[in-house]
Amino acid sequence: MKKIFWALACVTGLMVTACIANGKKVATVTDMDSLAADSLDKGAKQASQEVSIYKIWINEDSTRIYDLRDTTHYVEAMKYDEEYCKENPDYKPDVYYIYNEAGGFRIGHNFDDEPDTTGWIEYLLEEGPYAGTYAMSFSFSDMTPTSATFTFELEYDWKYTVLDKPVTFQPNPHPYVYEE
């Protein structure tokens, strides 16, 4: 009888764990503001403990953000300076506008020759003749729990850190539209 009780308790525990894990996957990037705030609660605690690319990263001058928390959604957001916002009144200062968004991304890594702190990010192309393929976004190196170096176009290095304050994400008022 005790064995049956413990077996049922074990199965119930596994089911609850699976439901919690599935619930976290469902919270994809749909409500940007709440997710950015949510990432600070969970992300700040995890950031100081684990080396992982699955975080929100912000560059040195706070103009570009990569939200890589959810492997099924890729978001790149930009903040424009005041002069640009004056010339383009649809944009407001201190707001991050979604520059690039894709239904997925993947991490490239040469596990045989490189440490886990080095790799590259590719995002899913969803429009145009290459839809369904992946494009290189950036490579990363020297990753710690709170910082990493992102390299763009194989030559431009930027220091990124884990986002530590709430920010606002908005849809881009003038998004790029692929035309054939």
Side-chain angles (χ1 to χ4, degrees), residues 21-44 46-47 52-82 84-85 87-109 119-141 143 146-154 156-180:
N22 284 338
K24 288 181 182 175
K25 288 182 181 177
V26 171
T28 58
V29 182
T30 53
D31 180 0
M32 296 300 220
D33 293 336
S34 67
L35 284 173
D38 182 46
S39 72
L40 298 177
D41 297 338
K42 295 175 187 170
Q46 291 175 344
S52 171
I53 196 69
Y54 297 105
K55 299 177 183 178
I56 298 179
W57 297 91
I58 188 165
N59 68 351
E60 297 169 83
D61 63 2
S62 300
T63 57
R64 189 168 290 228
I65 289 179
Y66 286 91
D67 185 347
L68 305 175
R69 289 173 297 151
D70 182 351
T71 60
T72 62
H73 201 85
Y74 169 95
V75 178
E76 178 182 354
M78 292 179 58
K79 179 173 78 170
Y80 298 94
D81 63 26
E82 287 186 32
Y84 183 88
C85 293
E87 294 172 9
N88 300 280
D90 291 341
Y91 294 94
K92 307 291 179 226
D94 298 321
V95 175
Y96 287 90
Y97 293 95
I98 298 170
Y99 174 75
N100 191 4
E101 187 173 15
F105 74 95
R106 64 185 181 193
I107 299 173
H109 186 79
W120 61 90
I121 299 293
E122 298 175 321
Y123 64 93
L124 182 64
L125 296 173
E126 296 179 311
E127 295 182 73
Y130 300 104
T133 63
Y134 284 83
M136 172 82 157
S137 181
F138 61 88
S139 61
F140 62 89
S141 60
M143 189 169 33
T146 58
S147 69
T149 300
F150 289 6
T151 304
F152 300 90
E153 299 177 15
L154 302 174
Y156 302 106
D157 290 339
W158 281 78
K159 188 72 159 188
Y160 276 71
T161 56
V162 174
L163 184 67
D164 63 353
K165 62 181 181 175
V167 297
T168 302
F169 290 94
Q170 294 291 326
N172 193 333
H174 303 286
Y176 172 77
V177 178
Y178 178 81
E179 296 178 15
E180 290 189 36

Exercise for review: Kindly indicate, with the supporting measurements, whether the criterion side-chain contact (heavy atoms from CB on, under 4.5 Å) is fulfilled by Val162 and Ile56.
Suggested key: CA-CA 6 Å; Val162 174; Ile56 298 179; 5.9 Å; no
Point to revise | Gln170 side chain vs Val95 backbone, donor-acceptor pair below 3.5 Å | key: no
Check your understanding: Looking at side-chain heavy atoms only, is the closest gap between Glu76 and Phe105 below 4.5 Å?
Key -> no
Exercise for review: Quick one: closest heavy-atom pair of Cys85 and Pro93, and the distance?
Suggested key: SG-N, 3.5 Å
Check your understanding: Donor-acceptor pair, Asp67 side chain versus Val75 backbone, under 3.5 Å?
Key -> no
Check your understanding: With a 4.5 Å limit on heavy-atom distance, are the side chains of Glu101 and His73 in contact?
Key -> yes
Practice item. Not counting sequence neighbours, which residues clear side-chain contact (heavy atoms from CB on, under 4.5 Å) with Tyr130? List them please. Key: Leu125, Thr133
Point to revise | Gap between atom CD1 of Ile53 and atom OH of Tyr66 - 0.5 Å precision | key: 10.5 Å
Review point. Looking only at atom types and distance, does a side-chain atom of Tyr97 sit under 3.5 Å from a main-chain N or O of Lys92, one as donor and one as acceptor?
Key: yes
Point to revise | Any donor-acceptor N/O pair, Asn88 side chain to Asp90 backbone, under 3.5 Å | key: no
Practice item. With rounding to the nearest 0.5 Å, note down the distance linking CG in Asp94 to CG in Asp81. Key: 11.0 Å
Review point. Can you tell me how far CG of Leu68 sits from CG of Asp70, rounded to the nearest 0.5 angstrom?
Key: 10.0 Å
Revision key, fill the gap. Smallest heavy-atom separation, Phe152 atom then Tyr160 atom, equals CZ-OH, 3.8 Å
Exercise for review: Give a yes or no on this: more than 12 heavy atoms of other residues, nucleotides or ligands lie within 6.0 Å of atom CD of Glu126.
Suggested key: yes
**Study point:** For Glu60, side-chain contact (heavy atoms from CB on, under 4.5 Å) partners two or more places apart
**Key:** Trp158, Lys159
Study note, to complete from the structure: Across all chains, not counting sequence neighbours, the side chain to side chain donor-acceptor pair (under 3.5 Å) partners of Ser137 are Tyr74
Review point. Parallel, tilted or perpendicular: which fits the ring planes of Phe138 and Phe150, with parallel below 30° and perpendicular above 60°?
Key: parallel
Practice item. Mark yes when over 12 heavy atoms from residues, nucleotides or ligands other than Tyr99 sit less than 6.0 Å from its OH; otherwise mark no. Key: no
Practice item. Looking only at non-hydrogen atoms, find the nearest pair between Glu122 and Met136 and report the distance. Key: CG-CA, 4.1 Å
Point to revise | Rounded distance [0.5 Å steps], CZ in Arg106 versus CG in Leu124 | key: 8.5 Å
Exercise for review: Kindly write out the residues that satisfy salt bridge (charged side-chain N to carboxylate O under 4.0 Å, His left out) with Asp157, not counting sequence neighbours, or none if the list is empty.
Suggested key: none
Check your understanding: Just how far is it from atom OG of Ser52 to atom CD1 of Ile107, taken to the nearest 0.5 Å?
Key -> 7.0 Å
Revision key, fill the gap. The side-chain contact (heavy atoms from CB on, under 4.5 Å) partners of Glu127 (sequence neighbours excluded) come to Tyr178
Point to revise | Interatomic distance, Tyr96 atom OH to Lys79 atom NZ [nearest 0.5 angstrom] | key: 4.0 Å
**Study point:** Pro175: side-chain contact (heavy atoms from CB on, under 4.5 Å) partners, not counting sequence neighbours
**Key:** Asn172
